[in-house]
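Report on the following structure.
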Amino acid sequence: MKPKKIKYPIEILHDNICKFFEETNDYSLNLLEQYIKDGKLNPELIIESDEEKIKFPKATLDNSNQIILQNTYLSYLWSFIYSTFVIYEEEVQKK
């Protein structure tokens, strides 16, 4: 069986993204479960894999109540945060 071809580096972190939503704080998971039970939130995160310009995350306000993320945006965000961390480590911490 061939391994899945990864187009965006952020695809490796998809499970981490879902886990973050569930574990942001002590009551996040309970709150999310209540929102899902009440029909206020769709339990599925939509992660778009299009090749358009960066689109910010959004929540649909129709009956679907979905959170939509874009791989391009997530990859940009990850690279910005990682590069900031590396610059800090190299230019501040090492001194």
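- Distance check: I36 CD1 to E44 CD gives 11.0 Å after rounding to the nearest 0.5 Å.
- Under a cut-off of 6.0 angstrom, the local environment of NZ in K55 is crowded, with over 12 non-hydrogen atoms contributed by other residues, nucleotides or ligands.
- There is a path of hydrophobic side-chain contacts, each under 4.5 Å, that joins I81 to Y73.
- No path of Ile, Leu, Val, Met, Phe, Trp and Tyr side chains, each step under 4.5 Å between heavy atoms, connects L13 with I46, placing them in separate hydrophobic clusters.
- A distance-only check finds no donor-acceptor pair linking the side chain of Q70 to the backbone of E48 [under 3.5 Å].
- Tracing side-chain contacts under 4.5 Å through hydrophobic residues (I, L, V, M, F, W, Y), one reaches I47 starting from Y76; they form part of the same cluster.
- Contact record, S64 with N42: O-CB, 3.2 Å, taken as the closest heavy-atom pair.
- V92 and V86 fall into different hydrophobic clusters, defined by Ile, Leu, Val, Met, Phe, Trp and Tyr side-chain heavy atoms under 4.5 Å apart, directly or through other members.
- Rounding to the nearest 0.5 Å places OG of S83 at 12.5 Å from CD of E90.
- Between Y82 and F85, the angle of the ring planes lies from 30° to 60°, which puts this pair in the tilted group.
- With a 4.5 Å cut-off on side-chain heavy atoms, L74 and I17 count as touching.
- T72 places none of its side-chain heavy atoms less than 4.5 Å from the side chain of E52.
- Side-chain contact annotation: D38 with Q34, donor-acceptor N/O pair under 3.5 Å present.
- Taking the side chain as every heavy atom from C-beta outward, I68 and T60 approach each other to under 4.5 Å.
- One finds the CG atom of N16 at 12.0 Å from the CH2 atom of W78 (value rounded to the nearest 0.5 Å).
- Annotation: the span from K19 atom NZ to L29 atom CG amounts to 10.0 Å, rounded to 0.5 Å.
- No path of Ile, Leu, Val, Met, Phe, Trp and Tyr side chains, each step under 4.5 Å between heavy atoms, connects L61 with Y35, placing them in separate hydrophobic clusters.
- Counting heavy atoms from C-beta on, the side chains of L45 and C18 come closer than 4.5 Å.
- The local environment of CG in N25 is crowded, with over 12 non-hydrogen atoms from other residues, nucleotides or ligands closer than 6.0 Å.
- Within the 4.5 Å cutoff, the side chain of Y88 has heavy atoms near those of the Q93 side chain.
- Taken to the nearest 0.5 Å, the NZ atom of K40 stands 9.0 Å off from the CG atom of L31.
- Under a 3.5 Å cut-off, the side chain of N65 and the backbone N or O of G39 do form a donor-acceptor pair.
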